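Here's the structure, in structure tokens; my notes come after.
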Amino acid sequence: MNFIVFVNEHYTEILTSILQHIYLVFFSVMIGILFSIPAGILLSRHKKAAEKILAVVSIVQTIPGLVMLGLALLIFGVGNTPALVVLSIYSVLPILRNTYTGLTEVQPGLIEAGRGIGMTLSQLLFRVQLPLAMPSIISGIRISTVYIVSWAALAGLIGAGGLGDLIWTGLSTYNTNYILAGAIPSAILAFLFSGIIGGVQRLATPRGLRGSTA
Amino acid sequence: MITFKNVSKSYGRQVVLDDLSFEIKQGQFVVLIGPSGCGKTTTLKMINRLIEPNSGEIYINGVNIMRQNPVELRRSIGYVIQQIGLFPNMTVEQNIAVVPKLLKYPKERWKPIVRELLELVNMPYEENAHKYPSELSGGQQQRIGVLRALAASPPIVLMDEPFGALDPITRDCLQEEVKKIQKKLKKTIVFVTHDMEEALKLADTIVFMNEGKIVQMASPEEMLRNPADNIVREFMGRHMQGGESPDLYVEDVMRTRILKVPKTLRTLECIDRMDRWEVNSVIVINDDETYAGTVSLEDIHKQGKPGREIGELITEETPTVSRFYKAQEVFDQLLTSPCKYLVVLNDDRTVAGLVTRTSMTKAVGKALWGAEIS
Amino acid sequence: MIDLIPFILEHLVIVLVATGISVVIGIVLGIVAYWLRFTAQPILWFSEAVQTIPALALLAILMILFGLGNTTIIAGLTLYALLPIVRNTHTGLISVPAAIKDAARGMGMSKLQRLFRVELPLAFPLVFSGIKISVVNSLSIAVMGVLIGAGGLGYPIYRGIQTQNLRQIMSGAIPVMIMAILFDFLMSAIERRLTKHAK
């Protein structure tokens with residue numbers, strides 16, 4: 001009951017936080033996509049280097065989020081920018097890895113057929129490899145987005161705003177209402193994004209690959 | 001048409017092709033065969049520059065292909081591979097039209113091509129064009145693979161063990177179809193296989209390779225008669241005539257008491273005669289007694305109308321053989337072909353008899369045990 | 001360095017206790033999903049949903065239930081670690097070849113005997129790889145415990161952020177990363193041996 005009253009009193013604050021959260025997630029995932037897909041294509045053409053680079057990137061991924069935020073805070077100060085930088089870095093790995101595996105798992109027979117009938121490298125990429133890798137790439141984007149919704153909540157700690165702010169206020173003042181007002185919408189956002197991208201993934205799967213149920 | 005001049009290829013110390021020189025003439029069905037690692041696939045892939053030689057030259061119609069743009073070269077050569085390689089994200093139609101589209105044919109031009117090609121392999125456009133490869137059987141997929149190679153009507157088609165992954169019955173059908181298509185469209189086909197039976201069946205010329213060299217390049221008949229060395233002999237295996245067994249020719253294993261009817265015979269009368277002979281198909285001959293085709297009882301019942309001439313129902317699907325062929329060659333054909341009999345022709349194309357499984361068995365039995373089997 | 005050791009140990013204890021609980025619950029859930037096929041979807045869906053909830057949100061809600069301290073972070077890590085273990089247990093069990101299951105049944109083994117003598121041992125390499133993923137993830141997430149009053153290496157990191165002291169941040173971060181890489185390396189090595197035996 002208390003909570004409903006609280007939401008009633010604070011709904012502009014909550015709404016602002018939700019929008020800020022979406023903004024953080026959207027931009028960092030966008031940056032992640034714009035960087036990772038071309039990079040994944042590049043890696044798929046240099047497989048030897050790719051394994052090493054992916055190994056290094058996944059070590060970066062083991063750096064705890066709090067540490068990354070702390071470092072960003074030291075370098076860029078308080079605010080939006082450090083959060084965006086850190087979140088973008090975190091969004092890279094899943095998309096990069098899935099782009100790379102999606103492209104390299106295209107059957108060699110198809111590549112040979114494509115080359116054998118006279119496709120240029122870019123025709124092969126856009127007509128065969130990318131369409132076939134699309135489900136895997138989008139699944140990477142989905143994983144990234146769910147991560148970033150989570151990490152963005154943490155970014156409230158360094159003054160990036162968003163739902164993390166509310167949770168953080170709640171935690172430091174031991175105010176259950178604030179905690180719930182931040183935690184529940186952030187969970188809903190995560191489910192929502194995951195569901196929407198899952199739908200997009202099904203749509204982007206070439207019809208010929210969608211099993212007999214499609 | 002295709003000329004290899006002193007072509008060599010090696011990977012590190014491993015020599016794959018060793019100073020290869022040969023020529024393939026236009027319109028020929030050439031089969032490259034040999035043990036694995038003999039260089040046959042490498043040779044094939046050099047023709048469309050998927051692999052490039054270390055030294056030597058390859059000419060197509062007098063033009064050195066190394067001076068051509070590889071992408072353009074490949075678009076002018078059909079290519080079929082064992083893994084089929086149909087693009088799973090494209091429909092049958094899109095797969096067939098992929099090269100014409102790369103060549104920027106307008107839609108009005110490639111649409112009819114797709115339709116025509118599908119008809120060529122008896123896969124009606126309406127039923128098949130909008131399916132995805134995953135909805136087709138393996139045999140149908142490879143049919144589409146072959147059609148894709150033909151779509152931009154390239155004079156040359158390369159086939160890299162295209163039927164290796166298919167079951168024997170499907171393989172048989174596709175071999176027949178490809179041979180038919182090749183004759184009809186007058187393509188030059190270069191075909192890699194490790195299956196001698198396939199080579200004998202399809203080839204105008206067989207190129208037998210071993211350790212990066214050509215051991216023998218000859219017609220199937222010549223290769224059967226005079227294999228160049230032991231490896232070739234071994235590969236021929238059961239297709240060679242054995243030393244001990246007697247020479248049997250088709251005329252030794254055929255039956256001559258057969259029902260022949262003129263083209264002009266009426267359907268009802270034909271059924272009547274077939275009844276009396278207790279047969280369910282009949283050989284139809286032209287006025288000059290040459291072979292015209294066969295008609296089965298089933299065909300008459302299905303399509304025949306009373307009072308019409310039998311000549312309208314003729315099918316030419318029954319394989320024909322010369323009476324002077326070796327019985328052994330025909331034996332395999334009889335066992336693997338869907339037809340229950342073969343028509344034996346004299347040199348002047350008149351009908352000499354039929355080889356059926358029964359007549360073959362009787363003759364072989366007689367040759368082995370020297371007694372007539374009742 | 002010396003004063004870090006208590007933090008490292010506490011961090012490890014938190015992670016190992018949480019993973020331990022998660023292994024027990026996760027394997028049991030995986031077996032239930034395998035035995036009662038209609039439960040498979042809901043169980044997998046539940047473990048996936050838990051992981052979709054943002055970590056800070058989950059921890060904050062758990063804090064309302066369990067209060068400040070190690071219990072909350074252990075509960076959170078346990079929930080977070082479930083998915084890889086449940087999923088891998090389930091996948092491992094259903095991918096035991098049917099011929100082997102039939103053979104076991106044909107020899108007169110009961111359902112439990114089949115599970116413990118045949119199916120689980122064969123599924124174990126995959127289960128173990130799930131556990132590895134959980135441990136490595138948990139090591140990194142456990143840092144957040146400091147926000148809900150738990151101990152471990154989150155503490156020096158958080159102090160470092162508050163005082164804007166890079167050295168202090170790194171003094172907490174580096175042990176976390178070394179542990180994550182070490183566990184990943186060691187458990188991967190064990191995993192390889194397990195899969196080799198399975199073949």
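Note that this is a predicted model, so its numbers are computed, not measured.
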message = Before you tell me yes or no, could you show the steps for L115(C) and W35(C) under side chain to side chain contact (heavy atoms under 4.5 Å, CB included), namely the whole-Å CA-CA distance, both residues' side-chain angles and the distance that decides it to 0.1 Å?
response = CA-CA 10 Å; L115(C) 183 71; W35(C) 271 349; 3.7 Å; yes
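- Residues of residues 18-34 of chain C lying under 4.5 angstrom from chain A, judged on non-hydrogen atoms, do not exist here.
- Proximity to chain C (any heavy atom under 4.5 Å) is restricted, for I167(A), to the side chain, taken from C-beta onward.
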inquiry  = Show, in sequence, the C-alpha distance, side-chain angles and deciding distance for S136(A) and T101(A), and conclude whether the side chain to side chain contact (heavy atoms under 4.5 Å, CB included) test is met.
reply    = CA-CA 8 Å; S136(A) 165; T101(A) 42; 4.1 Å; yes
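- Options S194(A), A153(A), S186(A), G156(A) differ in how many heavy-atom pairs under 4.5 Å they form with chain C, and the most are formed by S186(A).
- In this structure, chain A has heavy atoms under 4.5 Å from both the backbone and the side chain of L56(C).
- When each of V146(C), L147(C), I181(C), V136(C) is checked for heavy-atom pairs under 4.5 Å with chain A, L147(C) comes out on top.
- Put simply, OG1 on T39(C) and CZ on R37(C) are 10.5 Å apart, with the number rounded to the nearest 0.5 Å.
- Contact of I61(C) with chain A is made through backbone and side chain together, with heavy-atom distances under 4.5 Å.
- In this structure, no portion of L59(C) lies under 4.5 Å from any heavy atom of chain A.
- Heavy-atom pairs under 4.5 Å with chain C were tallied for I188(A), L154(A), I158(A); the largest tally goes to L154(A).
- The aromatic rings of Y178(A) and H10(A) sit perpendicular to each other, their planes meeting at more than 60°, with 30° as the lower class boundary.
- Both the backbone and the side chain of I63(A) come within less than 4.5 Å of a heavy atom of chain C.
- Proximity to chain A involves both the backbone and the side chain of L68(C), based on heavy atoms less than 4.5 angstrom apart.
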message = Evaluate E10(C) against N70(C) for side chain to side chain donor-acceptor pair (under 3.5 Å), listing each step before the verdict.
response = CA-CA 9 Å; E10(C) 195 172 8; N70(C) 283 349; 3.1 Å; yes
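- Among Y147(A), W168(A), W151(A), the residue with the largest count of heavy-atom pairs under 4.5 Å with chain C is W168(A).
- Using a 4.5 Å cut-off between heavy atoms, A49(C) contacts chain A through both its backbone and its side chain.
- Considering CG of L112(C) and CD of E119(C), their distance stands at 10.0 Å, rounded to 0.5 Å.
- Enclosure of atom CZ in R202(A) is not indicated, since only 12 or fewer non-hydrogen atoms of other residues, nucleotides or ligands lie within 6.0 angstrom.
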inquiry  = Does N80(A) form a side chain to side chain contact (heavy atoms under 4.5 Å, CB included) with F27(A)? I'd like the steps, not just the answer.
reply    = CA-CA 11 Å; N80(A) 245 327; F27(A) 277 96; over 6 Å; no
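- Around the CZ atom of F191(A), the shell of radius 6.0 Å holds more than 12 heavy atoms that belong to other residues, nucleotides or ligands.
- Aromatic ring pairs are classed by plane angle as parallel below 30°, tilted from 30° to 60° and perpendicular above 60°; the pair F124(C) and F128(C) is tilted.
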Test side chain to side chain contact (heavy atoms under 4.5 Å, CB included) applied to L166(A) and E13(A), step by step = CA-CA 9 Å; L166(A) 299 181; E13(A) 193 185 349; 3.7 Å; yes
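- Only the side chain of E48(C) comes within less than 4.5 Å of a heavy atom in chain A; its backbone stays farther off.
- Contacts of L163(A) with chain C are absent, with no heavy-atom separation under 4.5 Å from either backbone or side chain.
- Across I59(A), L66(A), L73(A), the residue that shares the most heavy-atom pairs under 4.5 angstrom with chain C is L66(A).
- Contact of Y174(A) with chain C is made through the side chain alone, with heavy-atom distances under 4.5 Å.
- Ring geometry, Y155(C) versus F7(C): the interplanar angle falls under 30°, so the pair is classed parallel (tilted spans 30 to 60°).
- For chain C, the option among L180(A), I179(A), V146(A), V149(A) with the highest count of heavy-atom pairs below 4.5 Å is I179(A).
- No hydrogens or angles considered: nothing links the side chains of S17(A) and D165(A) as a donor-acceptor pair under 3.5 Å.
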ask   = For N88(C) and S129(C), what are the C-alpha separation, side-chain angles and deciding distance, and is it a side chain to side chain donor-acceptor pair (under 3.5 Å)?
value = CA-CA 8 Å; N88(C) 282 19; S129(C) 118; 3.3 Å; yes
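- For L166(C), the parts sitting under 4.5 Å from any heavy atom of chain A are the backbone and the side chain alike.
- The choice from A187(A), A190(A), S150(A), A152(A) that makes the most heavy-atom pairs within less than 4.5 Å of chain C is S150(A).
- Of the atoms belonging to V143(C), heavy atoms from both backbone and side chain fall under 4.5 Å from chain A.
- Around CZ of R114(C), the count of heavy atoms belonging to other residues, nucleotides or ligands within 6.0 Å exceeds 12.
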